[in-house]
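Since the structure comes first, as structure tokens, the remarks are kept for the end.
As a basis for the values below, the full set of heavy atoms in this structure was taken, side chains included, without hydrogen atoms, waters or symmetry mates.
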Amino acid sequence: MKPVTEAQPTIKCLVWDLDNTLWRGTLLEDGEVALHEGLREVIVELDSRGILQAVASRNDHDHAWGRLEKLGIAEYFVLPRINWGAKSASVRAIAEELNFAPATIAFIDDQPAERAEVAFHLPEVRCYPAEDALGLPDRPEFTPAVVTGDARRRRQMYQAGVRREAERTEHVGTDEEFLRSLGLELRIERAGDEAISRVEELTLRTSQMNATGVHYSDEALRALVADEEHEVLVASLIDRFGPHGAIGVILLERRPASWHIKLLATSCRVVSFGVGAALLRWLSDEAARAGVLLTAGFRRTERNRMMEVAYRFAGFREHTEDGHEAEDGVQTLALEPTRQDAPAHLAVLAPRPFGDASGPVEWAHAE
């Protein structure tokens, strides 16, 4: 096992071997196998922390998966790779499908040769012997600093996404018809204590759909929440398959003659649902209702071309705003807002920016 250093990230997915690791015995030889004592509690605890769990095992898939179902733990595993190939290939495939860096993947196996094979081909993956399994929840790399509500639902959200994409692939008709069938609801709310950590994560991890590429710390976000001239808004999405979780953040500043979007960032995984465009249309509608100019900061990065296109498509153009010096590398864009209709495929519930503290109301069609 490689030593853990402060520079290494928290584990995001643990890949389990089965025979003599997750359960006692070898399935093909012993027939009946049972979980090692205490491992169910380990699996449940890691799941509650938002750590995904997968399987890389040399076994017959149907037989092994049936045993996991009989043991009552199959629901906790995503992307089972149960085959007769190299385990490094299975671990690599799991990381690629999850789009996780190898350094955030862990692998546990009772066989030193199997761990060595994975370590040789994937040196960033952290490998553990089976006897360490019960102590994994006590290790710092399996202990996220903050466990948000979204983290606790991460596995369910991933599994819902798999079902959603499977239905999308099988859908006969237009994309618009499929989107309408989902019953999508976008909820925009003022960030509370629990949401702050997710907002910070979105500003840190979102790059393609981040208008400035700026990361706001927990401390900075809490200061903005307390400032009456700022709104820190978090967007979440749900459909008939389940929640997508927090997928967007808006940092809005009230200026004398305008509302200024200091940051707009959305998760790349909801681009196909039109969330970014819906947020910009909602902001335009609210600014028009308030009778103020809508401006936005944009800093071009190597990855956020999509965000620039979204702003331009919405009608934003270059602008110089008196009395406000732009941050280094950040240009100001502006839009003369007009009343907008809510998207046909998406119900939107949102508060009135800089209004009272009442809860979100449904975005009605423009008058």
Side-chain angles (χ1 to χ4, degrees), residues 148-151 153-154 157 160-161 164 179 182-216 218 221-222 224-225 230-253 259-287 294 296-298 304 306-307 310-311 313-314 337 340-355 357-364:
T148 64
D150 280 359
R153 296 187 295 270
R154 184 164 288 139
M157 290 193 294
R164 187 182 298 111
L179 291 177
L182 290 176
L184 288 160
E185 180 181 289
L186 177 65
R187 181 175 285 265
I188 304 166
E189 298 175 287
R190 294 182 172 93
D193 282 343
E194 183 173 299
I196 287 293
S197 294
R198 180 57 177 140
V199 170
E200 181 189 13
E201 184 182 25
L202 279 167
T203 72
L204 179 63
R205 296 184 181 277
T206 302
S207 57
Q208 293 184 49
M209 295 299 290
N210 185 320
T212 63
V214 175
H215 168 233
Y216 286 82
D218 183 281
L221 289 168
R222 292 185 188 279
L224 292 176
V225 167
H230 286 84
E231 290 273 24
V232 181
L233 303 168
V234 59
S236 59
L237 191 66
I238 191 170
D239 64 25
R240 60 184 170 86
F241 288 97
H244 296 251
I247 48 76
V249 56
I250 301 169
L251 303 185
L252 195 63
E253 180 185 7
W259 289 353
H260 182 69
I261 307 169
K262 298 179 74 168
L263 174 69
L264 173 61
T266 65
S267 172
C268 296
R269 58 190 169 86
V270 296
V271 168
S272 63
F273 300 112
V275 169
L279 291 174
L280 287 172
R281 287 174 59 183
W282 171 73
L283 285 167
S284 176
D285 187 64
E286 290 293 338
L294 187 62
F298 179 77
N304 70 349
M306 291 173 65
M307 197 71 247
Y311 271 134
F313 189 78
Q340 301 282 324
D341 285 333
H345 70 284
L346 190 64
V348 179
L349 293 105
R352 292 269 178 260
F354 305 108
S358 59
V361 295
E362 186 166 3
W363 178 13

Exercise for the section: Kindly give the heavy-atom pair with the smallest separation between N304 and F298, and that separation in Å. Expected result: ND2-CE1, 3.6 Å
Exercise for the section: Please name the pair of heavy atoms, one in H345 and one in F273, separated by the smallest distance, quoted to 0.1 Å. Expected result: NE2-O, 2.9 Å
Fill in the blank from the handout: Taking every heavy atom of A246 against every heavy atom of V234, the minimum-distance pair comes out as CB-CG2, 3.9 Å
Problem - Separation of R352 CZ from E286 CD (nearest 0.5 Å) - result: 4.5 Å
Handout entry: Shortest non-hydrogen contact from L186 toward A235
Key = CD1-CB, 4.0 Å
Exercise for the section: Return yes if some donor-acceptor pair links the side-chain N/O of R190 with the main-chain N/O of E231 below 3.5 Å, else return no. Expected result: no
Practice task
Answer yes or no: is there a side-chain heavy-atom contact under 4.5 Å between L283 and L252?
Solution key: yes
Exercise for the section: Report yes if the side chains of L279 and I188 come closer than 4.5 Å at any heavy-atom pair, otherwise no. Expected result: yes
Fill in the blank from the handout: So CG of L233 and CD1 of I250: to nearest 0.5 Å the spacing works out to 5.5 Å
Practice task
Indicate the atoms forming the closest heavy-atom contact of A160 with F241, along with that distance.
Solution key: CB-O, 3.4 Å
Practice task
Answer yes or no: is there a donor N or O on one side and an acceptor on the other, between the side chain of R269 and the main chain of I247, under 3.5 Å?
Solution key: no
Exercise for the section: For the residue pair V249 and Y216, establish whether any side-chain heavy-atom pair is separated by less than 4.5 Å. Expected result: no
Exercise for the section: Output the distance between atom CD (E253) and atom CD1 (I261), rounded to the nearest 0.5 Å. Expected result: 12.0 Å
Problem - Ion pair D218/R222, N-O distance below 4.0 Å - result: yes
Exercise for the section: Pick out which of L184, D239, L182 makes a side chain to side chain contact (heavy atoms under 4.5 Å, CB included) with L346. Expected result: L184
Handout entry: Considering all heavy atoms, the nearest R187-P360 contact
Key = NH1-CG, 3.7 Å
Handout entry: Nearest-0.5 Å distance that lies between atom NE2 in H244 and atom CZ in R153
Key = 12.5 Å
Practice task
Please examine the side chains of L251 and L221, heavy atoms only from C-beta on, and report whether any two atoms are closer than 4.5 Å.
Solution key: yes
Practice task
For the residue pair Y311 and L264, establish whether any side-chain heavy-atom pair is separated by less than 4.5 Å.
Solution key: yes
Handout entry: Beyond-backbone contact of P337 with D285, side-chain heavy atoms, under 4.5 angstrom
Key = no
